[in-house]
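Order of the sequence lines fixes the chain letters, A, B, ..., with proteins taken first and strands second; residue numbering starts at 1 for each chain.
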Amino acid sequence: MTTMVDMRGIGKAYGEGAARVEALRGVELAVPTGQMLSVMGPSGSGKSTLLHILGLLDLPTRGTYLLNGEDVSRISALKAAQIRGRRIGFVFQGIHLLPRLSAVDNVALPMVYSRMARRETEERARAALERVGVWDLAHRYPTQVSGGQAQRIAIARAIAPGPDLLVADEPTGALDRKSGRQVLSLFQALHRELGLTIVIVTHDPDVAGHAERIVRMEDGRVIADETVAQRKIAGEEPAR
Amino acid sequence: MNPIAIAIDSVWHHKLRSALTALGVVIGVFAVVSLLALGTSVKTYVTSQFSSFGAQLITITPALAGSGGSGIPRGRQGGGFSAPPPSTFTMGDVGAIRGVAHVARAAGIVAVPTEVTNGTRMLAGTSVVGTSSSLISMQHLTIAHGSFPAPSSHGILLGAKVAATLFPAGGAIGRPVKVGTTTFTVTGVLAASGNLFGSDPDTTAYVSAPTALGLAGTTHVSEIIAEASGTSQVTSAAAGITKLMGVRHPAKDFRIITATQILSVISGTLSTITAVLGGIAGISLLVGGIGIMNIMLVTVAERFREIGIRKAMGARRGDILLQFLLESVVLALIGGGVGVLLAWLAATIAARAIGIPVALTVSSVIEALAFSAVVGAIFGVLPALRAAALTPVEALRTE
């Protein structure tokens, strides 16, 4: 079994001198390819910083991070942007669709920035929107769809380029309970069918319970790492 | 969506803000383009008028002793009030100048300070000039009826306005007029011609030079005008005249001015005025550019989240830089386009108002648009760099 994420002694500090804050203090974390993992912890535990480093939105100040075997701990901004565009999918709590772009243009965004051929971009965008069940909303704008629909479009955007790793930050945080369950169900389906490695950062134990494994953080360190014995399965409810 | 479409979309989305921002560039481009067009048109008009007046003409005027030479005296450029120095030129000088190499024709001008009446009517401001028929042809004037008076005769050629005032019913030829107390017979009438830089043939009456000398009670002609045999012979003709006059007037109380010299002074002055006005107008374009920079900085600050999302989705620094740079270029180009349109409108109106053709040249329009694009790019660099330099985390943090 290969390892998608291999973090050794990851540290992240902000500021200088007396104002220096250590958000991460030596995180050891290995995520096997194809695993669905939850990272839990109270606010200030460093879970968001960990997510940023996992998604190459930020670089660690110390330690080594191997992504699918490649050392990405000290890469350039350009290389990080290229990897983000092709190999990492992001789902945010605030959904973060661009309001001035239609659903299909939003989904195409990472592929446009990856300089993918136009035809392939269109095909992948369509396939992703169909996969999450919102192809009929392809030409709507984010303000014209519900929160649950918007998050599905955002998930389509994350999976469209065919990433190795899907990183989600409180993906159900802004949604009502029903839409939240649909999103979790969608994650589980993507994990099951595509074998996607998924890391979900959450403070909600119910959400975390849908993963195969839960890592708990506190004070910038991993304090517990457990396999979920009784994994919750979100019912495949009809789309919307 | 390509970067240009994104830029246009973003500019369009904030219509009022974009319009106000572009307004600075509109005013700047409008001012620069219309002033340059006006300046260029006036210069072209003056030059063409001058050429028709006669680029081959050489004027010999009296000057203070010792100043003898060519060029335009400083005092005259400002149109000073000091009276011209008395002339010592004679008809003999005119004849001698005719003999200089490359001189085709020459005519003396004798100003007679008197009035022309037909007993009952007169035209105020009429000047009486004694000269020869050469002057009429050198100044490209046309005799509508009759002919130039014979030398030493008491014949008179009337300018169009003089003839129309004295003889409103027409039929001036052969009729008597009084110049001072002397009676003359009208031998010809000039066609209307318009003002020729200070002298207006329409309000002038011409008599033969010897007659005028007699009337004025002098032997001195006020001014001599010569014509070179070709445009390229002006310099050598002027040199020949200078040499000749130097011998005939050792006191060097003359000055020789070629039309080219006058023209180069006038067109040089006009160019300077145009450049200075254009430069002042250019400052307003600069202010417009600063307005764009200001708004683009605000735009970048407002769109941290968008920048963060784009970066998370794999946008490179260059992608973000290009996006914001294009946006400011689009803003500036819209401003430039509207400015050019307004300048065109102003030129059309100005052309009607002042009666000379004012036209925007294609090159000035292209230059104005290119210049506004450059202004947009220069003043967009700082905001765009700021956007591009944001780290994804910084940009996403602001919610």
Side-chain angles (χ1 to χ4, degrees), chain A residues 12 14 23 48-59 76-102 104-116 118 121 141-142 154 157-158 160-161 163 167 169-170 173-174, chain B residues 1-18 295-296 298-328 330-331 334 384-399:
Chain A
K12 178 71 185 179
Y14 299 102
S48 289
T49 306
L50 181 68
L51 174 119
H52 291 151
I53 291 174
L54 266 173
L56 294 180
L57 294 170
D58 210 348
L59 294 180
S76 68
L78 175 65
K79 187 85 173 97
Q82 287 171 339
I83 295 176
R84 284 199 298 271
R86 289 239 181 194
R87 288 163 52 192
I88 301 174
F90 291 91
V91 177
F92 300 98
Q93 175 177 10
I95 300 172
H96 287 353
L97 293 174
L98 293 183
R100 306 280 306 145
L101 296 184
S102 67
V104 69
D105 283 338
N106 262 293
V107 172
L109 203 60
M111 297 179 283
V112 168
Y113 283 131
S114 303
R115 278 54 170 174
M116 201 176 271
R118 192 194 186 99
T121 299
Y141 286 84
R157 179 177 66 182
V167 186
D169 183 9
E170 301 280 10
Chain B
M1 242 183 160
N2 67 54
I4 294 171
I6 291 173
I8 292 171
D9 179 73
S10 174
V11 167
W12 183 246
H13 183 57
H14 297 101
K15 288 179 201 71
L16 180 63
R17 175 196 290 188
S18 301
I295 281 302
M296 286 309 295
V298 171
T299 302
V300 168
E302 276 181 356
R303 282 154 68 185
F304 269 24
R305 199 171 76 150
E306 178 195 328
I307 296 164
I309 296 169
R310 289 184 184 274
K311 288 208 158 190
M313 296 303 136
R316 302 163 191 186
R317 274 182 195 168
D319 294 324
I320 301 295
L321 186 79
L322 184 71
Q323 181 188 337
F324 284 93
L325 211 52
L326 275 175
E327 207 169 304
S328 61
V330 164
L331 264 178
I334 291 172
L385 278 176
R386 186 169 279 193
L390 283 174
T391 69
V393 173
E394 273 176 330
L396 281 171
R397 197 180 288 142
T398 52
E399 285 182 39

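- Under the 4.5 Å side-chain criterion, counting only non-hydrogen atoms from C-beta, B:Arg310 is in contact with A:Leu98.
- Nearest heavy atom pair, residue A:Leu97 against residue B:Ile309, reads O-CD1, 4.4 Å.
- At distances below 3.5 Å, not a single donor-acceptor pair connects side-chain atoms of B:Arg316 with backbone N or O atoms of A:Ala81.
- Put simply, the side chain of B:Leu396 reaches to within 4.5 Å of the side chain of A:His96, judged on heavy atoms.
- Only the side chain of A:Arg157 comes within less than 4.5 Å of a heavy atom in chain B; its backbone stays farther off.
- Atom-to-atom distance recorded for B:Glu394:CD and A:Asp58:CG is 9.0 Å, nearest 0.5 angstrom.
- The heavy-atom pair separating B:Lys311 from A:Arg84 by the smallest distance is O-NE, 2.8 Å.
- Nearest heavy-atom pair, B:Ala312 versus A:Phe92, reported as atom, atom and distance to 0.1 Å: CB-CZ, 3.9 Å.
- Contact annotation for A:Arg115: only side-chain heavy atoms (C-beta onward) come within less than 4.5 Å of a heavy atom of chain B.
- Note that CG of A:Leu78 is 9.0 Å distant from CZ of B:Arg317, once rounded to the nearest 0.5 Å.
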